[in-house]
Amino acid sequence: MNDKTGKDGDTVKLLRECDAGIKMGVASINDVINDVKSNDFKSLLYDCRNQHEKLQEEIDTLLDEHQDDGKNPNPMAKGMSWMKTNMKMAVDGSDKTVADLMTDGCNMGVKSLSKYLNQYKSADSKSKDITSRLIQIEDKLSTDIRQYL
């Protein structure tokens, strides 16, 4: 891990947060996608996951350039998310429940990424662009799945 300060430090920190966010998002989609009944809803989730995976490739390349291994999601947050998902799905495994869970996740992602974008102001334009695109992907999914709430 790099402990650089300034532009490189902010760039790496922002990329790490995007890395963790994408991993969390992909894991969340994978946790619920097989339970979705609507083909259109399933298609939205597949598209979102594919977009996350494409951004992941860009992030991995940039992290490699900075000799950084990235960041995994907080194990506690990931565990709590998994428990919440499984408990809610056990009670009501409907598309409505999946949409509710995914909307909450997207909203948390948008909030966190926006905070990091503001916090790491010295990050380079590539990492800021990736962060902005990730925010847009999360925001769009949240909007697109409202019809299933």
Side-chain angles (χ1 to χ4, degrees), residues 1-5 7-36 41-93 95 97-124 126-146 148-149:
M1 282 208 196
N2 288 334
D3 279 342
K4 294 179 182 177
T5 56
K7 183 177 181 177
D8 282 350
D10 276 7
T11 296
V12 170
K13 289 173 187 172
L14 187 57
L15 289 170
R16 284 181 192 156
E17 295 304 338
C18 288
D19 187 34
I22 287 176
K23 289 173 182 170
M24 187 78 166
V26 168
S28 296
I29 290 170
N30 288 338
D31 284 346
V32 298
I33 201 158
N34 291 327
D35 296 313
V36 174
F41 188 4
K42 216 175 247 197
S43 178
L44 288 170
L45 293 174
Y46 279 123
D47 288 346
C48 185
R49 185 177 69 188
N50 290 340
Q51 290 175 49
H52 275 70
E53 289 169 347
K54 284 180 185 163
L55 274 183
Q56 183 69 60
E57 292 172 13
E58 289 183 53
I59 289 168
D60 288 345
T61 299
L62 292 173
L63 284 168
D64 284 348
E65 288 174 11
H66 290 276
Q67 291 93 39
D68 195 273
D69 295 331
K71 179 180 176 183
N72 286 316
N74 178 306
M76 183 65 85
K78 194 170 179 183
M80 295 298 282
S81 172
W82 183 86
M83 277 184 16
K84 177 182 175 184
T85 298
N86 284 292
M87 287 173 56
K88 283 193 165 201
M89 292 302 291
V91 172
D92 177 9
D95 285 359
T97 301
V98 173
D100 185 54
L101 289 164
M102 293 306 300
T103 299
D104 285 351
C106 288
N107 290 340
M108 284 193 299
V110 167
K111 182 180 174 183
S112 295
L113 291 166
S114 296
K115 180 183 87 172
Y116 293 125
L117 198 52
N118 292 328
Q119 184 176 343
Y120 301 124
K121 291 186 187 309
S122 298
D124 69 13
K126 282 184 186 176
S127 61
K128 287 179 180 179
D129 177 63
I130 286 172
T131 307
S132 294
R133 285 188 283 150
L134 185 53
I135 289 169
Q136 288 172 351
I137 291 167
E138 298 280 321
D139 197 38
K140 184 176 182 333
L141 180 63
S142 178
T143 301
D144 289 347
I145 64 175
R146 284 181 190 159
Y148 301 101
L149 289 170

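Only a predicted model underlies this, so the values are computations on that prediction, with no experimental measurement involved. Numbering starts at 1 and runs along the sequence shown.
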Can you tell me if [X] uses its side chain to pair, donor with acceptor, with the backbone of [Y] under 3.5 Å?
| X | Y | result |
| --- | --- | --- |
| Asp19 | Leu15 | no |
| Lys126 | Glu58 | no |
| Lys23 | Ala20 | no |
| Thr97 | Gly93 | no |
| Thr143 | Asp139 | yes |

What is the distance from atom [atom1] of [X] to atom [atom2] of [Y], rounded to the nearest 0.5 Å?
| X | Y | atom1 | atom2 | value |
| --- | --- | --- | --- | --- |
| Ser28 | Leu101 | OG | CG | 9.0 Å |
| Lys42 | Ile29 | NZ | CD1 | 13.5 Å |
| Lys111 | Leu113 | NZ | CG | 12.5 Å |
| Ile130 | Ile135 | CD1 | CD1 | 12.0 Å |

Shortest non-hydrogen contact from [X] toward [Y]:
| X | Y | result |
| --- | --- | --- |
| Val32 | Thr85 | CG1-CG2, 3.6 Å |
| Ser142 | Thr103 | OG-CG2, 3.7 Å |
| His66 | Asp8 | CE1-OD1, 3.8 Å |
| Tyr148 | Phe41 | OH-N, 3.4 Å |
| Asp10 | Ala123 | CB-N, 3.4 Å |

Subject >> side-chain contact (heavy atoms from CB on, under 4.5 Å) assessment of Ile22 paired with Leu134 >> reply: CA-CA 8 Å; Ile22 287 176; Leu134 185 53; 3.7 Å; yes

Side chains of [X] and [Y]: does their closest heavy-atom pair fall under 4.5 Å?
| X | Y | value |
| --- | --- | --- |
| Tyr46 | Ile33 | yes |
| Asp104 | Lys84 | yes |
| Lys128 | Leu117 | yes |
| Gln51 | Glu138 | no |
| Leu141 | Leu45 | yes |
| Met24 | Asn74 | no |
| Ile137 | Cys48 | yes |
| Cys18 | Leu55 | no |

**OP:** Return yes if a side-chain donor-acceptor contact under 3.5 Å exists between Ser127 and Asp124, otherwise no.
**Re:** yes

**OP:** Please determine, by modelled atom types, if Asp60 and Gln56 share a side-chain donor-acceptor pair under 3.5 angstrom.
**Re:** yes

Subject >> Counterpart residues, side-chain contact (heavy atoms from CB on, under 4.5 Å), relative to Lys54 (two or more places apart) >> reply: none

Original post:
What's the verdict on side-chain contact (heavy atoms from CB on, under 4.5 Å) for Glu17 and Ser112, showing C-alpha distance, side-chain angles and the deciding distance?
Top reply: CA-CA 9 Å; Glu17 295 304 338; Ser112 295; over 6 Å; no

**OP:** Take Leu62 and Glu65 through the test side-chain contact (heavy atoms from CB on, under 4.5 Å) and record every step on the way to the result.
**Re:** CA-CA 5 Å; Leu62 292 173; Glu65 288 174 11; 3.6 Å; yes

Subject >> Cationic N near anionic O, under 4.0 Å, Asp129 to Arg133 >> reply: yes

Original post:
With the threshold set at 4.0 Å, does a side-chain nitrogen-carboxylate oxygen contact exist between Asp68 and Arg16?
Top reply: yes

Subject >> Stepwise side-chain contact (heavy atoms from CB on, under 4.5 Å) test for Thr131 and Tyr116 >> reply: CA-CA 9 Å; Thr131 307; Tyr116 293 125; 5.8 Å; no

